[in-house]
Structure formats: structure tokens, C-alpha cells
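Below, all heavy atoms of this structure are taken into account, side chains as well, without hydrogens, waters or symmetry copies. Since the model is a prediction, treat every value here as computed from it, not as a measurement.
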Amino acid sequence: MSRARGNLLEGTVTFAAGLGLWLFTGDVEVPLVTLTKVGVVMMCVGGALVAAGLWRTARGRN
């Protein structure tokens with residue numbers, strides 16, 4: 001698997017997991033962290049990975 005495709009796959013999975021946390025854990029209380037905020041951070045990281053994968057695909061780098 002090329003590095004660009006790996007970034008796209010990893011970013012998509014990370015974004016989806018973050019979206020799930022953000023949407024469905026609003027009433028869950030965990031010490032030290034807020035799961036909805038963790039979900040937002042995961043969505044940002046996933047979006048950055050997808051953007052990197054798209055950039056590598058457009059540039060032709062693997």
C-alpha cells in the first residue's frame with residue numbers, strides 16, 4: 001500500500017471514530033477528559049491525515 005493511500009485510510013478511520021465520539025458521548029462522564037472534546041481533536045487529526053494523503057496523491061508521491 002502506498003503512503004498516500006495509507007494516509008487516506010488512516011485519516012478516514014480516525015475522523016469516523018472522532019465523529020462517533022463527538023456525536024454519541026455527550027452524556028458520558030470520564031475523569032480527566034471530555035469525550036466530546038477528544039472526538040473533535042480526533043476529527044482534526046483525521047482531517048489533516050486525509051489532506052496529507054490527498055496532497056501526496058495529487059503530487060504523485062508515494
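Taking all atoms of both residues into account, the shortest heavy-atom contact from A4 to T57 is CB-OG1, 3.5 Å.
Scored by the side chain to side chain contact (heavy atoms under 4.5 Å, CB included) test, T12 finds V50 as partners (sequence neighbours excluded).
The line from CG of L9 to OG of S2 is 10.5 Å long, rounded to the nearest 0.5 Å.
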Per-pair distances, 0.1 Å, donor-acceptor, side chain in residues 13-34, under 3.5 Å, sequence neighbours excluded:
unit_1: T14; atom_1: OG1; unit_2: E10; atom_2: O; d: 2.8
unit_1: T25; atom_1: OG1; unit_2: L21; atom_2: O; d: 2.4

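Cluster annotation: L35 is connected to M42 through the hydrophobic network of ILVMFWY side chains, with a link wherever side-chain heavy atoms come within less than 4.5 Å.
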